[in-house]
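Report on the following structure.
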Amino acid sequence: MANLIIAELEKSSLKSSVRQLITAANKLQGDNHLLLIGYQIGDALAQAKQLPGIKKILVVDNPALGDESPEKTTEIVLSIATNYSHILTPASAFGKNFLPRVAARLDMTQISDVIAIQDATHFSRPIYAGSLIADIEVTESIIPLTIRISAFDAVMGDEDNQAEITHLALPDLPQLSQRIALQLHESSRPNLDSAKIVVSGGRGLGSEENFHQLLEPLADKLSAALGASRAAVDLGYAPNDYQVGQTGKIIAPQLYIAVGISGAIQHLAGMKNSKCIVAINKDPDAAIFSIADYSLVGDLNEVVPELTSKL
Amino acid sequence: MKILVPVKRVLDYNIKPRAKSDGSGVELSGLKMAMNPFDEIALEEAVRLKEKNVATEVIAVSCGQVSSQDILRTALALGADRAILIETDYDLEPLAVAKCLAKLIDKEQPNLVICGKQAIDDDSNQTGQILAALLGWSQATFASKIEVTQDHLDVTREIDGGLETVHVSLPSVVTTDLRLNEPRFATLPNIMKAKKKPLETISAQSLQIDIAPRIRVLKVREPDPRPAGIKVDSVDTLIEKLKTDAKVIG
Ligand SMILES: Cc1cc2nc3c(=O)[nH]c(=O)nc-3n(C[C@H](O)[C@H](O)[C@H](O)COP(=O)(O)OP(=O)(O)OC[C@H]3O[C@@H](n4cnc5c(N)ncnc54)[C@H](O)[C@@H]3O)c2cc1C
Ligand SMILES: Nc1ncnc2c1ncn2[C@@H]1O[C@H](COP(=O)(O)O)[C@@H](O)[C@H]1O
């Protein structure tokens, strides 16, 4: 049996997470098929043809699919789902939104946030904000999986994969919901999910102005993405999708610089697998220091400008 | 409008969980349990809709062991009108919870279900979406704002990259994100009053659905620890270390 990978798109292009999904799928058995759903997604299709390890590309390109509705995505996936042993999609807001619907309609159990695949029936996933790992076995005939992207390496390289391309017929689509507004923050910074370096701020920054005045120049110098703790987001220092943690983004950059963040377990859940962690905090007993590679005890109002100027 | 709020009893979020020494599960005995924080937010939203006379009745439901009665009492103290325990000794997976809830919904006929986006123990983030699919209802996950119009909801959702507003038909399942509201605390008079509110128990068995586990947990373990780090005494040393030891900056 084959594996179905459902790619996430961003403005008609493929998100880079598709490459981690392929690595994950390669740990299973059988061919990998890629499903692209959206409207005017020619760019994504062109990119898909260059991905290593894809045998077949399934496309549904239709004006009815411009708004990423979970109810519609579900119907499309269901129209082909029973041909597959595994269905993989990212554990992002996109994947979490529709895959449980697919699983429910198939009467199968979904495995969320998979961080390791031993074989076609054995998986590992974090529980309790990553404080514990569960090693599990599932033997159902179709296994829907959301994949924690930061736990898998991207497949490298571009090649003409000669994949067979099939345009799927549009199934009957329910009209249960409709997007009426979309506010995305435009930013020239790298994406938080895929950035190599992340500068993240917490309540210690003290104000929205300070958050931006101190952290942006540092992030600029390092070509880094900006992140935040829940407290910083709740206080309005940063937008909601900057939140790193159990219930926000879960990332593993090369370098994570935590500024004025205490290190609550829910925050650590989102960044503790970063390759190198730097923590700047005035409290020598802050929990963040327990997982930092480099701990600097000091007042962020002095340390951060000094760091920025010396880089 | 009748609102159903599913609430789960979980380990208090301040407590660091440990694996049982034989790896068979999570050590919970003797530890403080509480209502899942996202469900407190869901309940608060439902109660506010009732206070605004948009909702007529708020029902809190939990699926699990008898011990879950304590969080249902809390839900009643926070403003739910009545509570229902769907009792079972199984550790229910999201699909099983959703099937229990769907059965109850057949009987209770609510127009809206507000649940948490994720239970902070299993971190599945599935139950609301599964329930919506089983019922054929619309869904609006990760809500940070809910506005009720006649037979629709406008829900603002926290998504990657920003916010999305969806217009969904009722009946619907909404799941809550952290910034939807700040839940109230139960006051002593309300805790006393809650003791008189109805709390009904239904056995899960009587619903005649298959709720047996489908996932076999082979082992629960601690993640590999990170190697210990070092303290640096100045910004200069920090930059030096990042360049020459960690090699993460140029
Ligand atoms: C259900 C649930 C889900 C949650 N999900 C998340 C999540 O996804 N992500 C998340 O981050 N949190 C999450 N939390 C919240 C989490 O428990 C903490 O409350 C939060 O992470 C604290 O943020 P903070 O570290 O910025 O603030 P605080 O804990 O207040 O820490 C501020 C730190 O700044 C330091 N500081 C202050 N001034 C200075 C200065 N001048 N110089 C240097 N240091 C200074 C202080 O010493 C302190 O350590 C969640 C909580 C719950 C209940
Ligand atoms: N045993 C349960 N009883 C009642 N509600 C539950 C239960 N498990 C999950 N839920 C609801 O479903 C939401 C998401 O849980 P989960 O899919 O397990 O992450 C929770 O926030 C609750 O609202």
Side-chain angles (χ1 to χ4, degrees), chain A residues 70-71 74 92-94 96-97 100-101 103-105 109-110 112-113 126-138 140 176-185 193 222 230 234 239-241 246-247 254-255 265-266 272 275-276 278 291-297 303 306-307 310-311, chain B residues 11 13 16-17 19 26 93-95 98 117-118 120-126 129-130 132-134 137-142 144 154 158-169 178-179 214-223 226 229-232 235-236 238-239 241-242 246 248-249:
Chain A
E71 295 91 353
T74 299
S92 61
F94 162 78
K96 289 170 181 170
N97 202 22
R101 281 189 88 100
R105 294 272 297 279
T109 196
Q110 174 190 306
S112 295
D113 247 316
I127 54 174
Y128 289 87
S131 295
L132 298 171
I133 310 287
D135 297 325
I136 59 177
E137 180 182 61
V138 191
E140 298 208 280
L176 295 169
S177 69
Q178 192 190 346
R179 174 185 283 169
I180 54 173
L182 184 64
Q183 296 163 255
L184 300 178
H185 338 283
D193 313 273
L222 293 167
R230 173 192 173 181
D234 284 359
N240 60 278
D241 67 315
Q246 178 186 18
T247 58
Q254 296 288 315
L255 173 61
I265 184 166
Q266 294 86 8
K272 67 180 178 185
K275 193 144 168 279
C276 176
V278 171
I291 61 147
D293 298 282
Y294 301 109
S295 301
L296 186 54
V297 179
V303 173
E306 185 186 343
L307 178 60
K310 287 182 171 166
L311 278 169
Chain B
L11 181 65
Y13 78 94
K16 185 168 164 46
V26 184
E93 290 166 10
L95 183 59
K117 83 164 176 181
Q118 117 191 30
I120 60 162
D121 51 1
D122 64 44
D123 283 334
S124 291
N125 200 325
Q126 297 180 14
Q129 297 88 312
I130 294 175
L134 293 178
W137 290 10
S138 67
Q139 73 180 42
T141 53
F142 325 147
S144 65
D154 288 344
E158 297 200 0
I159 59 168
D160 296 342
L163 296 170
E164 176 191 45
T165 308
V166 288
H167 185 66
V168 302
S169 59
L178 292 169
R179 279 158 287 273
R214 308 218 188 155
I215 298 173
R216 233 180 100 208
V217 178
L218 303 175
K219 191 172 184 194
V220 173
R221 58 185 166 92
E222 316 265 331
R226 277 184 86 87
I230 57 166
K231 279 219 149 55
V232 288
V235 168
D236 293 316
L238 174 62
I239 294 176
K241 294 279 177 201
L242 292 177
V248 285
I249 58 174

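The structure presented is a predicted model; accordingly, all values stated were derived computationally and were not measured. A note on names: the letters A, B, ... follow the listed sequences, proteins ahead of strands, and every chain is numbered from 1.
The number of heavy-atom neighbours closer than 6.0 Å to NZ of B:K219, taken from other residues, nucleotides and ligands shown, is 12 or below.
With hydrogens and angles disregarded, no donor-acceptor distance shorter than 3.5 Å links the side chain of B:E164 to the backbone of A:R179. The backbone N or O of A:A129 sits less than 3.5 Å from a side-chain atom of B:D123, completing a donor-acceptor pair. A:S177 places no side-chain N or O within 3.5 Å of a backbone atom of B:V168 that could act as its donor or acceptor partner. Between the side chain of B:R216 and the backbone N or O of A:E137 there is no donor-acceptor pair closer than 3.5 Å. Put simply, the side chain of B:K231 never gets that close to the backbone of A:V297: no donor and acceptor are under 3.5 Å apart.
To the nearest 0.5 angstrom, A:Q178 atom CD is 10.5 Å from B:S169 atom OG. A:D241 CG to B:E158 CD: the interatomic distance, rounded to the nearest 0.5 Å, is 8.5 Å. Within the model, atoms NZ of A:K96 and OG1 of B:T141 stand 10.0 Å from one another, a figure rounded to the nearest 0.5 Å.
For B:P223 against A:K272, the heavy-atom pair with the smallest separation is CG-NZ, 4.1 Å. Scanning both residues, A:C276 and B:V248, for their nearest heavy atoms gives CB-CG1, 4.1 Å.
Chain B forms more heavy-atom pairs under 4.5 Å with one residue of A:T74, A:D293, A:L307, A:I127 than with any other, namely A:D293. Per-residue counts of heavy-atom pairs under 4.5 Å with chain B were compared for A:L255, A:V138, A:N240; the largest is that of A:N240. When each of A:E71, A:Q254, A:Q246 is checked for heavy-atom pairs under 4.5 Å with chain B, A:Q246 comes out on top. Of all the listed residues (A:P70, A:A104, A:A292), the one sharing the greatest number of non-hydrogen pairs under 4.5 Å with chain B is A:A104. The candidate from A:S131, A:P126, A:A134 with the greatest count of non-hydrogen atom pairs under 4.5 Å with chain B is A:S131.
Judged purely by distance below 3.5 Å, without hydrogens or angles, the side chains of A:S112 and B:N125 never pair a donor atom with an acceptor atom.
With a 4.5 Å cut-off on non-hydrogen atoms, B:I215 touches chain A through its backbone and its side chain both. Proximity to chain A (any heavy atom under 4.5 Å) is restricted, for B:L238, to the side chain, taken from C-beta onward. B:I249 touches chain A through its side chain: at least one heavy atom from C-beta onward sits under 4.5 Å away, while N, CA, C and O do not.
Residues passing the ring pair (Phe, Tyr, Trp, His ring centres under 6.0 Å) test with A:F94 are A:F98, sequence neighbours excluded.
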